[in-house]
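Just so it is clear, the model here is predicted, and its values are computed rather than measured. Start at 1 and go down the list; that is how both ligands and their atoms are numbered.
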Amino acid sequence: MEEFNYPFKYPNYYKGPGIPIPGEKKIPKAFTPVTINNLKLKNRVVVSPMCQYSCSNNSGLMNDWHLVHYSTFAKGGASLIIFESTAVQKEGRISFADAGIWNDSQIAPMKRICDLIHTFDSYVGMQLAHAGRKASTIPPFLEGSRNSIMPNDPSGNGWQVFGPSPIAYSDYMMVPKEMTKKDIKDTIEAFRQSTIRCIECGFDFIEIHCAHGYLLNQFLSPTSNKRTDEYGGSFENRIRIVLEIIDAVRSVWSRDKALGVRLSCVEWTDDGWNMDETIKFTKVLRELGTIDLIDCSSGGNNHNQKIKVCPMYQVPFADSVKKTLNEKYEKSNVNNKIKVATVGLINHGEEIESILQEDRADIVMCARSFLRNPLFVCQVARELDVEIDHQLQYQRGRESDDRNKQHHNKSSESTTK
Ligand SMILES: Cc1cc2nc3c(=O)[nH]c(=O)nc-3n(C[C@H](O)[C@H](O)[C@H](O)COP(=O)(O)O)c2cc1C
């Protein structure tokens, strides 16, 4: 935590927001540390990436909105906060208001937020993304939401979009231009360049966005990828671009830094990417040995998807991936320590705890719960009946006032004046 130069020390019981106070008898698994490669997260409740569509003037620059939005989660004790889908190329934005990391001017405003988050002892992650055929749309909370903005739109807020094949996502979205091999090469290089910028910003974690129907998901899926070259057709060809991007990112993001992928484990259609392919891909990633986290989401690549939504509906995907990774695997050079994250309609402490206790995932990511309550981690602690530290200035807000008093008494004995 940032030292405020008080002339007295912090109470010695104080460990920082999101950490159980000493003396708690039974610590729920949600509040035990977990490691992703070199990162030791202080708890297992992570802020899932959430687009904010809040950058001005087509700049991709983060601003005060992002500073307040992200740092509040850190103040509330989230162990890792993953930034929104951030475009590695300008044409890879979902909308004109997306955040970007395609040029150096975008480093300083992001670094400012990373630095602030670090003062709360939270880690900060970047989700590197390219929207592919789902780029150039109207942000979801504005009129006309999600429709394409055509390149010739008088507003100047549209552009030609790219994808593996010239197949539009839906009737109200643009037909993408099929990427040439040079376009593919340039995009891979853009992921590498963006990673270098991530290092300058001070990110602790990078997640490569391969989910929700964006560019890399479009390459993975046989419904959106009809290419006949080495980037389409067979499973091995469809995953090629992702593996090349992982290699490009890793060429600059050293092996001891945490790197993950977010997958749409199923497409929710009969003919799309399915769980068998996710398991096959998990095995490829295990063999590759350079990925530390598989973040299991689903859907978003098919306008005709039929999703059966219910609480924790995506947990079975993480469970299967985790079971695959837990299988005995006799290879000396492989990374057997890949962690698994689950996400999607997990809104209560009991749900989070049951997932972790049953070893169905190592980490639980939550999105909308953090929008409803940016101090969601404190809510989870209350629901699981464990006392965690709040940010010092907010200690008076803790519900268990008596225990609070006790700790004040104890600390006054041991605090150096
Ligand atoms: C406002 C909003 C923006 C989102 N933006 C992203 C994003 O940038 N990248 C991503 O992978 N998922 C994104 N998602 C999906 C969430 O990360 C999460 O997977 C999904 O909301 C399900 O989790 P939840 O039920 O806890 O909200 C977004 C969700 C919301 C609500």
Is it true that Phe317 and Trp268 have ring centroids separated by less than 6.0 Å?
yes

For a quick check under 3.5 Å, do Asn57 and Ser59 share a side-chain donor-acceptor pair by atom type?
no

OH of Tyr394: more than 12 outside heavy atoms within 6.0 angstrom?
no

Asp389 side chain near Tyr13 side chain, heavy-atom distance below 4.5 Å
yes

Any N or O of Leu371 closer than 3.5 Å to N or O of ligand 1:
no

Please find the pair of heavy atoms, one from Met174 and one from Trp159, that lie closest to each other, and give the distance.
CE-O, 3.2 Å

Can you tell me if Gly344 has a non-hydrogen atom under 4.0 Å from ligand 1?
yes

Below the 3.5 angstrom mark, is there an N/O of Ala367, backbone or side chain, next to an N/O of ligand 1?
yes

Asn347, any N or O under 3.5 Å of ligand 1 N or O
no

For ligand 1, which atoms, with element, lie under 4.0 Å from some heavy atom of Val343?
18 (C), 19 (O), 23 (O)

Ligand 1 atoms in contact with Ser48 (distance to a heavy atom under 4.0 Å):
16 (C), 17 (O), 18 (C), 19 (O)

Quick one: nearest non-hydrogen protein atom to atom 27 (O) of ligand 1, plus distance?
Arg368 NE, 2.6 Å

In this structure, does ligand 1 have an atom that sits under 4.0 Å from one of the heavy atoms of Cys366?
yes

Lys111 atom NZ, neighbour heavy-atom count above 12 within 6.0 Å
no

Taking atom 5 (N) of ligand 1 as the reference point, the nearest protein heavy atom with its distance
Cys51 N, 2.8 Å

Looking only at side-chain N and O atoms, does Arg93 offer a donor or acceptor that is under 3.5 Å from a partner on Asn58?
yes

To which protein heavy atom is atom 30 (C) of ligand 1 closest, and what is the distance rounded to 0.1 Å?
Met50 CG, 3.8 Å

May I ask you to check whether Asp115 and His118 show a side-chain donor-acceptor distance below 3.5 Å?
no

Which atoms of ligand 1 are found less than 4.0 Å from any heavy atom of Leu345?
24 (P), 25 (O)

Atom 12 (N) of ligand 1 [closest protein heavy-atom partner, distance rounded to 0.1 Å]
Arg262 NH1, 3.2 Å

Residue, atom and distance of the protein heavy atom nearest atom 9 (N) of ligand 1 read Gln127 OE1, 2.8 Å

Evaluate Ser297 for polar contact with ligand 1, using N/O atom pairs at a separation under 3.5 Å.
no

Examine the side chains of Ser54 and His66 and answer whether a donor and an acceptor come within less than 3.5 Å of each other.
no

More than 12 non-hydrogen atoms from neighbouring residues, nucleotides or ligands closer than 6.0 Å to CZ on Arg112, yes or no?
yes

Can you report which non-hydrogen protein atom sits closest to atom 14 (N) of ligand 1, along with the distance?
Pro49 O, 3.3 Å

Ser85-ligand 1 polar pair, N/O distance under 3.5 Å
yes

Per the side-chain hydrogen bond (donor to acceptor under 3.5 Å, both in side chains) rule, which among Asn301, Thr269, Asn302 passes with Ser221?
Asn301

If I apply the N/O under 3.5 Å rule, does Glu84 come out as touching ligand 1?
no

